Amino acid sequence: MDAYHVLVVEDDQEIRDGIEIYLKSQGYEVYKAADGVEGLEVIENHEIHLAIVDIMMPRMDGVTMVMKLRQSYDFPVIMLSAKSEEVDKIMGLNMGADDYVTKPFTPLELLARVNSHLRRYSKYLEALGGKKQEPSEHVYTIGGLELNEDTVEVTVDGVAIKTTPIEFKILQLLMKNPGRVFSAEEIYERVWNERAINTDTIMVHVRNIREKIEINPKEPKYLKVVWGVGYKIEKQS
């Protein structure tokens, strides 16, 4: 693949231009927008591989933008938030963001997150591109829940479930080890391939997965919480 296309959606021009400089230094092609409306227009007219989206913006905020783009796109989204925007940050993750970086942040911190998500997204695209060519399948089935590694697909009772790349990786880890309890730290390190610093995102991603695979998320059949320990996929008889 040629240079990855990264969209920066931030109403503060100084921050927006600063992020652009650092991304371009890594070889990324950068698109910029000052609010959610402009951001969605860029996405509709250009191929985007990752978006960095500020939460608080005029016209259309970042949470609303992410909610709208997730209706059609599955590329990674990193949200930028101030420490005072904790509720909005969690809401953004619930709406489909993959990660967040709290302001003020260092350029190296943001670049590390961008590089990490694009590595995983690249593997995800490769798997999708090869799903019709590979004759072998690696399928994991737990009751009516099925995950196919070759086609990067999840179904529940035969119905296809749309997951983000991060959700797929978390579910893949748990389904390959039914009955085993994974701590939030271990899930983070296995999926992100980096040391766990903040595992708040795991709780939100697990909740999102539950909403998609469980008939009644409040009484889950598959994805269980072991309080004080972690998460597991329950073995089915």
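These numbers were taken from a predicted model, which means no experiment stands behind them. One-based numbering along the sequence shown.
Taking 4.5 Å as the limit, some side-chain heavy atom of Thr201 sits within range of a side-chain heavy atom of Tyr100. By the 4.5 Å heavy-atom criterion applied to side chains, Lys232 and Arg180 are not counted as neighbours.
Partners of Arg113 according to the salt bridge (Lys or Arg N to Asp or Glu O under 4.0 Å) rule, which considers only residues two or more places apart in sequence or in another chain, are Asp99, Glu109. The salt bridge (Lys or Arg N to Asp or Glu O under 4.0 Å) test applied to Arg70 returns Asp98, not counting sequence neighbours. The ring-ring contact (aromatic ring centres under 6.0 Å, His included) check on Tyr31 picks up His5, His46, with sequence neighbours excluded. Take Met60 and apply the side-chain contact (heavy atoms from CB on, under 4.5 Å) test, not counting sequence neighbours, and it matches Val37, Leu40, Thr64, Met65, Lys68. With sequence neighbours excluded, the residues that form a ring-ring contact (aromatic ring centres under 6.0 Å, His included) with Phe75 are Tyr73. For Tyr22, there are no ring-ring contact (aromatic ring centres under 6.0 Å, His included) partners two or more places apart in sequence or in a different chain.
With no hydrogens or angles considered, a side-chain donor-acceptor pair links Glu194 and Tyr188 at under 3.5 Å. The closest side-chain donor-acceptor pair between Asp74 and Tyr121 falls under 3.5 angstrom.
Asp150 places a side-chain N or O within 3.5 Å of a backbone atom of His138 that can act as its donor or acceptor partner.
A salt bridge does not link Glu10 to Lys32: none of the charged side-chain nitrogens sits closer than 4.0 Å to a carboxylate oxygen.
Closest non-hydrogen pair, Gly62 versus Met57, comes out as N-CE, 3.7 Å. For the residue pair Gln26 and Leu111, the shortest heavy atom distance occurs at CG-CD2, 3.8 Å.
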(request) Mind running side-chain contact (heavy atoms from CB on, under 4.5 Å) on Asp54 and Val9 for me, showing each step along the way? (result) CA-CA 6 Å; Asp54 187 32; Val9 188; over 6 Å; no
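The hydrophobic cluster containing Ile213 does not contain Val226, counting ILVMFWY residues as joined when their side-chain heavy atoms lie under 4.5 angstrom apart, directly or transitively.
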